[in-house]
Every structure is written in C-alpha cells, then in structure tokens.
Amino acid sequence: MFAYKPKPQPEHKPKHIPKPLLCLPQHLSSLDQIKQTHARIIVLGLTRHGKLLAHLLASLALSHSPPPLPYSLAVFRSFDFPSVFATNNLIRCFTRSDSPRQSLALYSSLLLRKFAAKPNNHTFTFVLQACAKALAGSEGAQVHAHVVKLGFGGDVFIRNALISFYYGCFGLECSRRVFDEYVRVRDLVTWNTMLACFVRDGQIGAAEKMFDEMPERDVVSWSTMLTGYVQNGCLEEALECFWGVRETGLRPNEAILVSVLSASAQLGLLEHGKLVHSLVDSMNFPITASLGTSLIDMYAKCGCIEQSKLLFDNMPRKDIWAWNVMISGLAMHGLAKEALKLFEKFIDKGFSPANVTFVGVLNACSRAGLVREGRHYFKLMTENYGIQAEMEHYGCMVDLLSRAGFVDEAVELIENMKISPDPVLWATLLGACKIHGHIELGEKIGNKLIQLDPNHGGHYVQLSSVYAKARKWEEVIRVRRLMSERNTNKAIGWSLIEAQGKVHKFVAGDKDHERVTEIYKMLELIGTLVAKTGYSPNISSVLHDIGEEEKETMIREHSERLAIAFGLLVTGVGDCIRVVKNLRVCVDCHEVTKIISKVFEREIIVRDGSRFHHFKEGKCSCRDFW
DNA sequence: ATAGGGTTAG
C-alpha cells in the first residue's frame with residue numbers, strides 16, 4: 001500500500017491583505033472574534049489564502065474556551081493542502097476537546113502523508129499531550145518510537161512532553177526513567193515537569209528533595225511546590241514556602257496566591273490571610289474571579305463573614321465558584337436564611353447549581369436545623385437538577401434529620417442510599433442517638449462501628465456517652481476499659497490563636513507556653529467569675545473514669561479555655577478574640593465561653609471542627625444548636 | 001507563523 005500524495009498547487013496570493021486580518025492568534029481569544037475574522041476572510045474572497053486560514057486555526061487552538069470541533073474541522077477542510085503548521089494546530093484543537101483521541105487519527109494521517117506535510121518537532125509535543133489526555137498509553141509509546149526513529153530523541157521540548165505523558169499513562173517510575181535517560185538534555189522545564197510528577201503522585205518528600213536539588217528555580221517551580229503542599233495537606237509548609245517565594249523577590253503568580261490563601265483559610269489564620277491580601281493590593285495584582293473567590297473563602301473560614309460579603313458584593317464578574325463559596329461561608333457561620341436567599345438569587349440569575357452548591361445549601365439547613373427546607377432542597381437537587389447525591393449530601397441530611405430528632409428518617413435515608421454509606425454517616429447518627437437518648441440503636445451502631453474500625457477511639461467515646469446518658473455506668477466503664485486495652489488512636493484536641501504575628505497553639509492541660517503562669521491565673525479568675533454567675537459545670541461530656549473534682553479540672557483546662565485565657569491577656573475590653581479548634585466544642589466550654597464574652601466584654605469567635613460560634617454578650621450565634 | 005511546566009475554591 002502506498003500513501004496518496006497530492007500535487008501541491010500554487011497558492012492563490014491576493015495583492016493586499018487588510019491589516020486587521022493579520023493580528024496574532026493570541027489577540028483573537030474569543031470564538032466570536034475568530035468567527036468575525038473568518039467571515040471577513042470569506043467576504044473578501046481570501047479563503048484560498050492558506051496562511052490566513054492557518055492563522056485562524058492557530059487562534060482556535062489558543063482560544064479562551066475549547067473550540068467546537070465541527071467548526072475547527074470545517075476550517076481545516078477548506079484548505080487545499082494543509083501545511084504541517086495548520087495540521088499541528090488542528091491536533092491542538094482536538095486535544096483540547098472532549099475527544100483527544102481524534103488527534104491520534106490526524107497524526108497517523110500525517111505519517112501516511114495523506115497531506116503534503118510531514119510531522120515536525122512541534123507535532124510530537126502536541127501528539128504526546130493528546131496521548132496523555134486520552135490515556136492512550138500504547139499509542140504514546142509508539143509515538144515515542146517514531147520520535148527516536150525520526151531523530152527527535154534529543155529535542156528537549158519533546159523529552160519534557162514524554163515525561164508528562166509517561167507519568168499520566170504509566171506512572172512515576174516510567175517518567176523518572178525518561179528524566180534520567182538524557183542527563184544533558186534538561187532545562188528548567190524538565191525539572192519542573194518531574195517535580196510536578198512527584199507532587200501529583202503525593203510524594204511530597206521526594207518533591208522537596210528535587211526542589212532543593214534543582215539547579216535553578218523559577219516561579220513555576222515555586223508554585224508547583226506550594227500547590228503540592230496545599231494539596232497534600234502540608235499547610236504550615238505551604239505558608240513557609242510562600243515566604244520563601246517572597247525572599248527570592250519573584251513576583252508570585254495567581255496559583256501561588258490562591259494556594260497560600262487556601263492554606264491560610266484552612267488553618268484559620270486571619271492575620272496571615274490579611275497579610276497576603278495586603279500584598280496582593282500592594283502589588284496591584286489583578287483580582288481575577290479565582291483570586292477574588294479565594295479571598296472570600298479565606299475571610300469566611302477565618303471568621304470575617306462580613307468581609308466576605310463585602311468582597312462578594314463588590315465583585316464585578318462572579319462565576320459559579322464565587323457563589324458556591326459565599327453560600328458555604330454563610331452556612332458555616334450559621335446564617336442559614338441568608339445562604340438560602342443567596343441560593344435563590346443564584347438560581348434567578350440563571351446559574352445552574354453544581355453538586356458543591358447543594359453541599360453549601362444543605363449544610364446551611366443542617367446547621368440551623370431547618371428540616372423542612374433541607375428535605376425540600378435535597379429533593380430539588382435530585383429531582384429537578386438531576387444531581388446524584390454524594391456522600392457529603394447524605395452527610396448533611398443525616399446530620400440534619402437525626403439531630404433534629406428524625407432518627408428513623410435518617411436511618412431510612414442511609415439504608416436506601418445508592419452508594420455504600422461511609423462509616424462517618426453512622427458516626428453522625430450515633431451522635432444523635434446520644435443527644436436524643438436512643439440507647440438501643442446507639443448501642444447497635446456503636447458496636448458495629450467499633451467492629452468496623454477497632455482502632456478509632458472516637459467510636460468508643462461516643463458509645464460510652466450513649467451509655468452515660470442512660471446512666472449505665474457499668475457499661476461506660478466496660479467500653480472505656482476496652483478502649484484503653486486496645487490502645488486506640490485518640491484524636492488530640494488543639495486550639496490556636498494568632499497574636500503579635502505568631503500562632504499560639506494549645507492542647508488540653510498545656511504547660512508549654514511562655515506565659516503559662518499568667519494563663520493559669522487567668523483560668524482561675526475565669527473560674528471565680530463564672531461561679532459567681534451561678535453556673536456549675538456540665539461534666540457529662542467528660543467521661544473519664546475518675547473523680548468528680550478531677551473531671552472539672554479536665555474541662556477547665558480544655559485547649560480552647562487556654563487559648564481564650566491567653567486571648568484575654570493580649571486583648572482589651574471590646575476587642576475580638578478568635579480561636580480555631582480542630583474538634584467540636586464541648587457543652588461546658590460552650591456555656592463558659594458565653595459567660596466570658598459577657599463578663600470580660602469581648603466578642604469571641606470560635607471555629608470548631610464543624611462550624612463557627614460567635615459569642616457576644618452572653619449569647620452564641622448557634623443558639624446552642626450545633 | 002506553533003512548542004513545554006503550575007490551574008486552586010465546599
């Protein structure tokens with residue numbers, strides 16, 4: 001079989017090409033602009049001008065949103081003899097589409113010389129990208145063979161594309177082999193590509209090592225490392241990395257700013273987040289939709305919901321993420337009515353909600369105990385919008401229903417789930433059994449959970465709380481003993497507070513802080529003033545097998561008490577104390593914090609493991625429902 | 001005339 005090779009015909013060359021038609025591909029970024037230019041080309045009778053059409057294809061390949069394939073193909077078909085440049089650009093259009101495999105067909109037609117062109121060095125970088133996206137491993141390996149056969153084996157661009165391709169289709173070891181193969185054919189991008197492979201593989205230690213060994217680092221190296229830290233949950237390292245970027249004097253890019261804001265948000269470090277915000281302003285960095293959304297998210301998660309609202313209201317072009325983040329932010333602050341109102345506005349604006357939108361909406365309902373609304377939106381999601389309920393949606397619903405007392409309905413929901421339920425759902429239900437005193441069901445669930453994960457200390461604690469609620473003390477002791485015999489993992493509670501440019505982290509009974517004496521004196525003062533109000537501690541949440549007095553000491557030294565005591569030392573009347581806690585607050589700490597807010601005249605904002613509590617003048621924004 | 005690396009957020 002031999003390939004069909006048409007005879008090239010002389011290109012029709014018009015004498016004069018109007019200037020606006022010759023703008024660079026990246027200047028035509030929207031499809032509308034491209035189509036307008038195309039129309040002018042047709043009207044002016046320049047359709048046989050290959051260079052213009054090739055330009056048009058290049059614009060399509062680079063356009064802002066992925067170009068529609070029928071249109072790209074139509075442009076390509078209007079060539080008599082598409083050049084390799086035009087073909088390369090069509091390959092890129094295919095790669096950006098939903099069917100990147102079509103790039104491969106086009107490439108093989110290049111190999112068969114169906115057109116006058118033959119593949120060049122550029123072609124391979126594009127085709128390898130397509131293989132990576134289409135997960136076409138064996139095809140990509142064949143392309144690799146062609147690369148070697150046709151003498152492109154030493155092209156650094158192609159080698160870099162090969163590293164990405166092998167990672168995507170064959171894993172880290174294979175991409176590593178390509179990286180190691182030609183030690184001399186490496187540039188900064190080669191190192192960055194390999195670095196990204198380690199990050200994507202979750203091997204953050206190996207990534208760090210590579211980052212340190214790199215001969216040089218640019219802003220992409222830093223942003224790869226920083227986003228890697230955030231994605232792998234190494235939040236403190238991410239902050240350090242950000243200050244590393246600052247030291248180099250490099251101008252951060254958007255990914256760096258968004259990621260460091262995400263780390264600040266997750267840690268709840270308002271002062272840090274504010275510092276990043278002020279840097280963004282002082283750099284005159286453009287506030288894009290994603291950067292704006294990150295700021296809204298950061299302020300919400302750091303307790304400044306008012307600031308989030310302000311930024312949201314003044315945001316010129318809000319995309320769906322801005323709305324999602326704002327709705328979730330309101331939800332975690334317990335502002336359910338506002339969150340639902342915003343959701344309705346979102347719908348009125350013609351946006352279509354995503355599954356994360358409903359996580360925010362359902363969360364709002366569950367935080368505020370809006371059972372009727374929760375049922376409505378859950379139904380709306382699945383029936384009107386055809387969104388499959390995911391684990392998080394079920395989590396919200398189970399929490400909402402069971403905490404509001406509809407335990408049977410929650411059980412029914414779990415039993416009828418289309419996906420297999422996460423043990424977290426049962427654990428949620430167990431918590432509700434404790435609140436509502438459903439001893440038998442709680443016992444059943446608790447034992448099941450312990451059987452499922454015998455090392456999880458939390459399940460034992462919950463089950464013993466269920467027994468304690470029923471005053472079955474022997475059972476409490478039995479479960480406690482089982483727990484200590486099995487040496488289960490205990491989630492260590494901590495609380496942190498920012499002051500004087502530093503993060504102060506406390507665990508229960510902590511004695512490590514430099515102002516430990518003052519802090520414990522403050523705790524005593526709190527104890528005295530609280531006792532004066534007539535409050536006596538609720539010890540049901542502390543179920544250690546020890547005497548009453550010791551129990552009281554234990555709660556009095558819970559990590560958030562220490563953080564708040566320290567907060568009282570470094571603030572004045574009328575100031576705000578912000579505490580971040582990893583676990584949920586206990587009933588007693590919640591009561592005492594209310595009293596502190598009144599007696600010491602402070603606003604106290606606590607972010608616990610599931611939501612925000614705003615304590616002011618003796619009341620909490622959660623209205624004791626959490 | 002075209003290239004390659006990082007695309008976050010509940």
Side-chain angles (χ1 to χ4, degrees), chain A residues 22-26 50-59 61-62 83-92 120-129 132 155-165 167 186-197 199-200 207 214 217-231 238 252-263 265-266 288-298 300-301 319-332 339 354-364 390 392-393 395-396:
Chain A
L22 277 178
C23 46
L24 293 167
Q26 54 266 37
K51 282 189 179 173
L52 275 181
L53 288 177
H55 239 92
L56 210 65
L57 266 179
S59 297
L62 294 169
S83 60
V84 64
F85 174 64
T87 313
N88 285 348
N89 279 308
L90 185 63
I91 288 177
R92 296 176 88 190
N120 64 8
N121 48 344
H122 299 266
T123 312
F124 293 106
T125 61
F126 301 143
V127 172
L128 285 167
Q129 272 176 28
D155 184 309
V156 68
F157 283 84
I158 296 174
R159 297 211 63 77
N160 296 342
L162 279 168
I163 294 174
S164 281
F165 158 72
Y167 179 76
R186 277 181 191 169
D187 65 4
L188 182 53
V189 177
T190 318
W191 286 92
N192 284 343
T193 308
M194 199 60 228
L195 180 69
C197 293
V199 163
R200 281 162 71 190
M214 288 170 71
R217 286 169 278 272
D218 68 355
V219 70
V220 174
S221 330
W222 283 97
S223 94
T224 305
M225 199 65 230
L226 180 46
T227 54
Y229 279 132
V230 177
Q231 277 158 18
N253 57 20
E254 194 181 45
I256 287 177
L257 295 169
V258 169
S259 294
V260 73
L261 283 169
S262 162
Q266 286 182 61
T288 55
S290 23
L291 190 51
T293 303
S294 301
L295 284 168
I296 294 170
D297 184 54
M298 183 275 290
K301 288 193 179 137
D319 64 5
I320 179 165
W321 279 106
W323 291 84
N324 287 344
V325 164
M326 195 66 232
I327 291 169
S328 306
L330 292 167
M332 70 178 90
N355 48 9
V356 295
T357 320
F358 280 103
V359 175
V361 169
L362 296 176
N363 246 324
E390 286 173 26
E392 284 98 331
H393 303 116
C396 297

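First the proteins, then the strands, lettered A, B, ... as listed; each starts at 1.
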Let me know the distance between [atom1] of [X] and [atom2] of [N], rounded to the nearest Å.
X        : N     : atom1 : atom2 : result
A/Glu392 : B/dA9 : CD    : C1'   : 14 Å
A/Phe157 : B/dA3 : CZ    : P     : 9 Å
A/Tyr229 : B/dG6 : OH    : C1'   : 15 Å
A/Phe126 : B/dA3 : CZ    : C1'   : 5 Å
A/Leu56  : B/dT2 : CG    : P     : 16 Å
A/Leu226 : B/dG6 : CG    : C1'   : 10 Å
A/Asp218 : B/dG6 : CG    : C1'   : 10 Å
A/Asn88  : B/dG4 : CG    : C1'   : 14 Å

Inset, instruction - With rounding to the nearest 0.5 Å, note down the distance linking CZ in A/Arg217 to OG1 in A/Thr224. - result: 12.5 Å
Legend entry - Atom pair CG/OG of A/Leu362 and A/Ser328 - distance to nearest 0.5 Å: 10.5 Å
Any base atoms under 4.0 Å from [X], or only sugar-phosphate, or nothing? Heavy atoms, all strands.
X        : value
A/Asp319 : nothing
A/Asn253 : base
A/Val325 : sugar-phosphate
A/Ala54  : base
A/Ser294 : nothing
A/Ala196 : sugar-phosphate
A/Ser223 : base

Inset, instruction - Given side chain to side chain contact (heavy atoms under 4.5 Å, CB included), test A/Thr193 with A/Tyr167 step by step and report yes or no. - result: CA-CA 10 Å; A/Thr193 308; A/Tyr167 179 76; over 6 Å; no
Inset, instruction - Would you tell me if any nitrogen or oxygen in the side chain of A/Gln231 comes within less than 4.0 Å of OP1 or OP2 on B/dG6? - result: no
Legend entry - Phosphate OP1/OP2 of B/dG4: any A/Arg92 side-chain N/O under 4.0 Å: yes
Inset, instruction - List for me each residue that meets salt bridge (charged side-chain N to carboxylate O under 4.0 Å, His left out) alongside A/Arg92, sequence neighbours excluded, and say none if there are none. - result: none
Inset, instruction - Could you pull out all residues at least two apart from A/Trp191 that satisfy ring-ring contact (aromatic ring centres under 6.0 Å, His included)? - result: A/Phe179
Legend entry - Candidates B/dG6, B/dG4, B/dA1 - which lies nearest the side chain of A/Val156: B/dG4
Inset, instruction - With DNA chain B as reference, determine whether A/Val230 or A/Ala255 sits nearer its 5' end, using the nearest nucleotide of each. - result: A/Ala255
